[in-house]
2 protein chains.
Amino acid sequence: MARAATTSDVFNAIAEPQRREILVLLRAGERPVTELAQELGMTQPGASKHLRVLREVGLVRDRKAGKQRLYGLDARGLRPVHEWVGGFERFWNESFDRLDAYVQDLKQTRLEE
Amino acid sequence: MARAATTSDVFNAIAEPQRREILVLLRAGERPVTELAQELGMTQPGASKHLRVLREVGLVRDRKAGKQRLYGLDARGLRPVHEWVGGFERFWNESFDRLDAYVQDLKQTRLEE
DNA sequence: CCATCATATGCCCATAACGGCATACGTCAA
DNA sequence: TTGACGTATGCCGTTATGGGCATATGATGG
């Protein structure tokens, strides 16, 4: 088995830097594909593909606007991610102490060798 | 070009469900590879490989403990992720209203067709 | 030194990822 | 209808992925 399909969950969808950039841009409001592509320096097909992934995991929605198709943010899917990562909050403060302990262990180990 | 290497950034590293499970387990404290593998129902080489990725992005550190090698959490790398996702916080509350607006747009579009 | 336990690596496979490119599709205006 | 614009899709090639398996490497105790 290879990697799980990108479209299967939000963690995977936002693992791609360009997709994260798209999401950031969309915070400023809806935008057509071409504009996104241009602002991010990617090709139109490229942008379309990334947008498709984002749409399939529900982070983005689209609506027709005349000839164009406007993409807009739907950030609700990011909430679980925020919560999951938040579950480690107390650890990234604690980490420094732990790291200290770790370093001391290292020193000791080195002495014992 | 394919996707950026998993080992290059934290977003990619935590895109893998099993690696997320490992991180969660490690919140309870340091553990040797074998134990992790067993608790998560994966093979020892499998666990080692995931741990390597986590180590390379700095989410995990290891120290020798006799014959064993204990892996421990270093959650500091998750902080930027939390912050990035947190940048969307106001949007996932706002989303419902936006969605309403969206639905109304849809209705109108449909009427116009 | 040797046997044993713990872990890491290497190799292979099947799969899917991204990007580039051409082109199909959809929509509007004349 | 035709043409022009905006967007999506399909196909290809290269590359990385994750899993399985065998095996190398490391550390310990006798």
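What's counted below: heavy atoms across the whole structure, side chains too, no hydrogens, waters or symmetry copies.
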task: Please state how far atom CG in Leu36(A) lies from atom P in dG6(D), giving the value in whole angstrom units.
output: 14 Å

task: For the residue pair Thr34(B) and Gln38(B), confirm or rule out a side-chain donor-acceptor distance under 3.5 Å.
output: no

Closest-nucleotide ordering on DNA chain D, the 5'-leading residue of Arg55(A) and Ala65(B): Arg55(A)

query: Using 4.0 Å as the upper bound for N to carboxylate O, is an ion pair formed by Arg20(A) and Glu16(A)?
result: no

- prompt: Between Arg69(B) and dG26(D), does any side-chain N or O lie under 4.0 Å from OP1 or OP2?
  reply: no

query: Which nucleotide in the list dG20(C), dA6(C), dC21(D) gets nearest to the side chain of Lys49(B)?
result: dC21(D)

field: Rounded distance in Å - CG (Leu51(B)) to P (dG19(D))
entry: 13 Å

task: Report yes if at least one side-chain N or O of His50(B) is closer than 4.0 Å to OP1 or OP2 of dT17(D); otherwise report no.
output: no

message: Output the rounded distance in Å from CG (Asn12(B)) to C1' (dA17(C)).
response: 10 Å

query: Has Lys64(B) got a side-chain N or O lying under 4.0 Å from the OP1 or OP2 atom of dA27(D)?
result: yes

Protein-nucleotide distance (Gln18(B), atom CD; dT17(D), atom P), rounded to Å: 15 Å

task: For Glu56(A) and dT9(D), give me the distance from atom CD to atom P, rounded to whole Å.
output: 9 Å

- request: Using whole Å, report how far CG of Leu70(B) lies from P of dA6(C).
  value: 12 Å

task: Answer yes or no: is there a donor N or O on one side and an acceptor on the other, between the side chain of Arg27(A) and the main chain of Gly87(B), under 3.5 Å?
output: yes

- request: Please work out if Gln44(A) contacts a base, only the sugar-phosphate, or nothing of the nucleic acid, heavy-atom cut-off 4.0 Å.
  value: base

- request: Rounded to the nearest angstrom, tell me the gap between atom CD1 in Ile22(A) and atom P in dC18(C).
  value: 11 Å

- prompt: Nearest to the side chain of Ser48(B) - dG18(D), dC11(C), dA8(C)?
  reply: dA8(C)

- prompt: When rounded to the nearest 0.5 angstrom, what distance separates CZ in Arg31(B) from OH in Tyr71(B)?
  reply: 15.0 Å

task: State whether Glu30(B) and Arg63(B) are salt-bridged, where the test is any N-O pair (Lys NZ or Arg NE/NH1/NH2 against Asp/Glu carboxylate O) under 4.0 Å.
output: yes

task: Looking only at side-chain atoms of Lys67(B), point me to the closest of dG19(D), dA6(C), dT7(C).
output: dA6(C)

message: What contact category does Gly46(B) fall into here, base, sugar-phosphate, or nothing, at under 4.0 angstrom with non-hydrogen atoms?
response: nothing

- prompt: Can you find a side chain N or O atom of Arg52(B) that sits less than 4.0 Å from OP1 or OP2 on dA8(C)?
  reply: no

message: Rounded to whole Å, how long is the line connecting atom CG of Asp62(A) with atom P of dA8(D)?
response: 7 Å

Closest to the Tyr71(B) side chain, choosing from dG18(D), dA8(C), dC21(D): dA8(C)

- request: Just call it for Pro45(A): base, sugar-phosphate, or nothing, with non-hydrogen atoms closer than 4.0 Å on any strand.
  value: base

message: Angle between ring planes, Phe11(B) versus Trp84(B), binned at 30° and 60°: parallel, tilted or perpendicular?
response: perpendicular

query: So which nucleotide from dG10(D), dC18(C), dG20(D) ends up closest to the side chain of Glu16(A)?
result: dC18(C)

